[in-house]
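In what follows, a single structure is set out as structure tokens and then discussed.
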Amino acid sequence: GQAHHGRTLAVCAADKTVRLFAKMGGHWRCFAVLEEGHQRTIRWCSWSPCGLQLASCSFDGLAMIWRCETDEFECVASLEGHENEVKAVAWSASGSFI
């Protein structure tokens, strides 16, 4: 899956990472890799309406929330409790719920 907000593209993959890309000089370049957290293929990612948080979900049964703090992304919540894989995640229009 992939998610786009403003000038940043988030792409998730089977390698258990979310890669963040920005357009630089006419080309998309990876500037960050979110690799701590998920233990299996990441299925989907979604930007919050404000663009400062990114939610991801995985075959490992977790949904995670990443927040941009001083130009670096950090996992601020790991949402557990699903008995099977989580295939999609989306934010409410207010950004208060996923």
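Following chains of ILVMFWY side-chain contacts shorter than 4.5 Å, one cannot reach Val86 starting from Ile42, and the two form parts of different hydrophobic clusters. Both Met64 and Phe73 sit in one connected hydrophobic cluster of ILVMFWY residues. Membership requires side-chain heavy atoms under 4.5 Å apart, directly or through other members. In the hydrophobic clustering of this structure, Leu9 does not group with Val33; members are Ile, Leu, Val, Met, Phe, Trp, Tyr whose side-chain heavy atoms approach within less than 4.5 Å, directly or through other members.
Contact between Lys16 and Arg40 at its shortest, heavy atoms only, is CG-O, 3.4 Å. Residue Ser92 comes nearest to Pro49 through the heavy atom pair O-CG, 3.5 Å, listed as atom of the first residue, atom of the second, then distance. Here the shortest heavy-atom pairing between Val18 and Ala10 reads CG1-CB, 4.1 Å. Nearest heavy-atom pair, Phe31 versus Met24, reported as atom, atom and distance to 0.1 Å: CB-CE, 4.2 Å. Between Cys30 and Ala32, the shortest heavy-atom distance links the atoms SG-O, 3.5 Å. Trp66 and Ser56 make their closest contact through NE1-OG, 3.0 Å (heavy atoms, listed as atom of the first residue, atom of the second, distance).
Rounding to the nearest 0.5 Å gives a distance of 5.0 Å between CD of Glu85 and NZ of Lys87. Separation of atoms OG1 (Thr17) and NE2 (His38) is listed at 10.5 Å; rounding is to 0.5 Å. One finds the NE2 atom of His82 at 8.5 Å from the CG atom of Leu62 (value rounded to the nearest 0.5 Å).
Inter-residue side-chain proximity for Cys45 and Cys12 is flagged as met; some heavy-atom pair is nearer than 4.5 Å. In this structure, Leu20 and Leu54 have side chains that are in contact, with non-hydrogen atoms separated by less than 4.5 Å. Leu79 is not listed as a side-chain neighbour of Val89, based on a closest heavy-atom distance of 4.5 Å or more.
Of the possible donor and acceptor atoms, one in the side chain of Trp91 sits under 3.5 Å from a partner among the backbone N and O of Ser46. Side chain of Ser58 to backbone of Thr41: a donor-acceptor contact under 3.5 angstrom is found. Formation of a donor-acceptor pair under 3.5 Å by the Gln39 side chain with backbone atoms of Gly37 is found in this model.
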